[in-house]
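Below is one structure, written out as structure tokens; the observations come after it.
The model shown is predicted, which means the values in this text are computed figures rather than measured ones.
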Amino acid sequence: MKKGRLRVLLGAAPGVGKTYTMLEEGKRLAAEGNDVVVAFVETHGRRATASMVEGLEVVPRHTVTHRGMALTELDLDAVLARRPRIALVDELAHTNAPGSRHAKRWQDVDELLDAGIDVISTVNTQHIESLGDVVLQITGVPQRETIPDRVLRGADQIEVVDLAPQALRDRLSGGLVYPAERIDAALSNYFRLGNLTALRELALLWLADEVDSALKAYRAEHGIDRKWEARERVVVALTGGPEGETLLRRGARIASRSSGGVLIAVHVTNPDGMRARHPGALDAQRTLVEQLGGTFHQVVGEDVPQALVEFARSADATQLVIGVSRRSRLAAAFSSPGIGATVIRESGDIDVHIVTHAAAGSGISLPKLGGALSRTRLIAGFVVALAAGPMLSWLLTVFRTETSITSDVLAYQLLVIVVALIGGIWPGLFAAVLSGLTLNFLFVEPRFTLTISDPRQFLALVFYVANALLVSYVVDQAARRTRVARRAAAESQLLATLAGSVLRGEDALQAMVTRTREAFGLTGVRLLIDGEPRVADGEPARDDRVTNVPIGSRGVLELHGQDLAASERRLLQVIATQIEAAIEHGALATAASAAGELAETDKVRSALLAAVGHDLRRPLTSASAAVSALRSREVELPAAERDELLATASESLDALAELVTNLLDVSRVQAGALAVTLAPTEVADVVFPALDELALGPGEVELDLADGLAPVLADGVLLQRVVVNLLANAVRHSPPGERVRVAASTFQRRTELRIVDRGPGIPAERRDEVFTPFQRLGDTDNETGLGLGLALSKGFVEGMNGTLEVDDTPGGGLTMVVTLPSALSSEETR
């Protein structure tokens, strides 16, 4: 009998739509004429999921009684007897009730598959056995129901049912996943945005690993040994010319062809090679790289092709994109083969793409220079002298007349000048001597002999040599000055890159150290300040040469790698000066930050004085007036009035005492001198006294304290004051008839206490202000106090190693979340 096929719908978390998708697929298959039954489905009370069951044949469940409870499970025998073509079985990792034929539902599915029945099932990432420890680290929730990886990997088809984390939270907030009473706890615990993002990544990575395993198995079965590069790392070489945008977009398209492709742009700064022709073009291209999701790098190299290839190899590149040469054919004919040809020859297993562009061949890029003139130009000069000399002699001999000696001399003189322009002094001298001797041998009487019978003939030879020397000197000096000018431009460009890195918001010291290593081709650079390493970049080898460059009086820049030339050392001194300035700037920024903190403290003190002058005056005035009236002997007060005055004085003094206490607490929090005594504390022992203090009952507050709630490590007195402040705020802002909800739950060795109201809430951009002292967010009611409640609450909670955060209430309102460490986790770590 042919075994059935298993298709599994994998989800990152509950609520992404696995069961809905399974039922939707079942309906589609049934509409195509397939025999489909619902063997087992769990709707979890979701109306949309339940509605999808309608119209499908449902196999009745089997009831199992365990410890007096009736549990329903998949009726395996009924499904086998029905023998459908396709069975829909939800929750593949489910543990069956005791007394069932198999312990796990996936074992039931195995029996269905053996019977030739195709099965579509569902499973969540957290139920995969090999991922249990990872899921525990992410969510803090251990998984009791798991499925062996071999079972899942043995499925014929695995599909990820994906939903963006925020979309899942929105579904949860709308009551589409869990009942209303479970929403708050779910949002704050398992369904945190970070948790969902991590679980989603875990699901996709697990499936990607499964796809990779399937690909390897396919290659093994078909005897394919060659490596298939599934991820591209594309390096784009930028010259700063107008073709850069074309190259970057082409590189981005190549990178996007594979999952996780990486785009890397590099500019080689060299006195003679790839250089920016248009001011600002390179900066615009750097911006485009960032927009395309890539990274930009700049290196300095005398040999541009070699620098490109070395950088590509260091970046583990699979593709290298360069532009076709901008040189004209004439320039290419008298110089080196060009960057493209050299890169192709040196690239090895890196694929090279030479991209055409509008600027191709539109200009002349000078050939590479070693000294003043390159060896290529030197050789080219000799070649021209040797090739053109005989050709010129033959032409002049063919057209020679008795009166053509003058034109013959000028022709040889022109040859000497051309050779000197191409190759410099040595080819020029060679051409001058060769042409002088040839002229004497072929055209001066007696012909075909090398004799100097007239001193003027010797003088002519001297003129040849002098002309060659003068022209060669001019060419050599022009080449040297061009090289110096281009070197200066390259250094300026490098310094501009350093400055730009800082201006774009990168860490100044780290950016300078990184750019220094890249620019000089070093293996590593480390900056030490006062003998302590501050920043570093690269991985130096043990046998690297180390060069120390002083940075002011406090720092040293360690360079690991090759020795630097004199010109490079001059540039390095400029960079060292910039690093020194950055260090001083950092010190000044630290001092300014300290001054800013003092200014904030002064601001709080000023606000404190203003508040004292206003808010303390009222209870003092009331108490003073009441006591004065009581002490007066001029008027005999009735007993009722005396009692009322005493009550007024008592209330005013109590309010004054509370204000003074709050002010003292604020001072302690600001000074970091808050006295906190931590001990295991039951949440209920704090919440109930707080309710009694505020005289709040079931009509105003709804309690939802989870069973078995772990005690928190807290100061009971301070925590009670936090709860009182938060409850008072929540009750004050809640609409009439709406109860404040107090919920507590333990999650990942931390306990959360959530105080939920249905009031107007607080705009997201103003939430940080609620924790600032003397802020009432627009309240004009002077009876509300100094605006210290939330500031104190935050200080108290942080003093107990916890956090106080503001969150939205699903459906509208504000939720204050107090998170404290569990006392049990503290005991475990001792």
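- Not counting sequence neighbours, E346 has no partner by the side chain to side chain donor-acceptor pair (under 3.5 Å) test.
- With sequence neighbours left out, R250 forms a side chain to side chain donor-acceptor pair (under 3.5 Å) with no residue at all.
- For T547, there are no side chain to side chain donor-acceptor pair (under 3.5 Å) partners, not counting sequence neighbours.
- A distance of 9.5 Å separates CZ of F296 from CG of L248, quoted to the nearest 0.5 Å.
- Residues A265 and V289 share a closest heavy-atom pair of CB-CG2, 3.5 Å.
- Applying the side chain to side chain donor-acceptor pair (under 3.5 Å) test to residues at least two apart or on different chains, the pairs with a partner in residues 520-529 are T523-D544, R526-E558.
- Taking a cutoff of 4.0 Å between a charged side-chain nitrogen and a carboxylate oxygen, E290 and R286 do not qualify as a salt bridge.
- Between the OG1 atom in T577 and the CD1 atom in I551 there is a gap of 7.5 Å [rounded to 0.5 Å].
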Quiz: residues 380-395 side-chain donor-acceptor pairs under 3.5 angstrom, not counting sequence neighbours:
unit_1, atom_1, unit_2, atom_2, d
S393, OG, G389, O, 3.0
S393, OG, Y412, OH, 2.5

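- For the atom pair CG of L396 and OG of S407, the computed distance is 7.0 Å after rounding to the nearest 0.5 Å.
- Partners of D162 under the salt bridge (charged side-chain N to carboxylate O under 4.0 Å, His left out) rule, at least two apart in sequence or in another chain, are R200.
- Between the NE2 atom in H267 and the CG atom in L282 there is a gap of 5.0 Å [rounded to 0.5 Å].
- Looking at residues two or more places apart in sequence or on another chain, you find no side chain to side chain donor-acceptor pair (under 3.5 Å) involving N548.
- Remark: E201 pairs with no residue by the salt bridge (charged side-chain N to carboxylate O under 4.0 Å, His left out) rule, at least two apart or across chains.
- Scored by the ring-ring contact (aromatic ring centres under 6.0 Å, His included) test, H297 finds F311 as partners (sequence neighbours excluded).
- For R534, there are no salt bridge (charged side-chain N to carboxylate O under 4.0 Å, His left out) partners two or more places apart in sequence or in a different chain.
- Residues passing the salt bridge (charged side-chain N to carboxylate O under 4.0 Å, His left out) test with R253, sequence neighbours excluded: none.
- We find the CZ-CG distance between R517 and L522 to be 8.0 Å, quoted to the nearest 0.5 Å.
- Closest approach of V549 and A576 over heavy atoms only: CG1-CB, 4.1 Å.
- For I417, the side-chain contact (heavy atoms from CB on, under 4.5 Å) test picks out Q413, L421, V471, with sequence neighbours left out.
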Point to revise | Verdict with reasoning, V352 to I322, per side-chain contact (heavy atoms from CB on, under 4.5 Å) | key: CA-CA 7 Å; V352 180; I322 62 177; 4.2 Å; yes

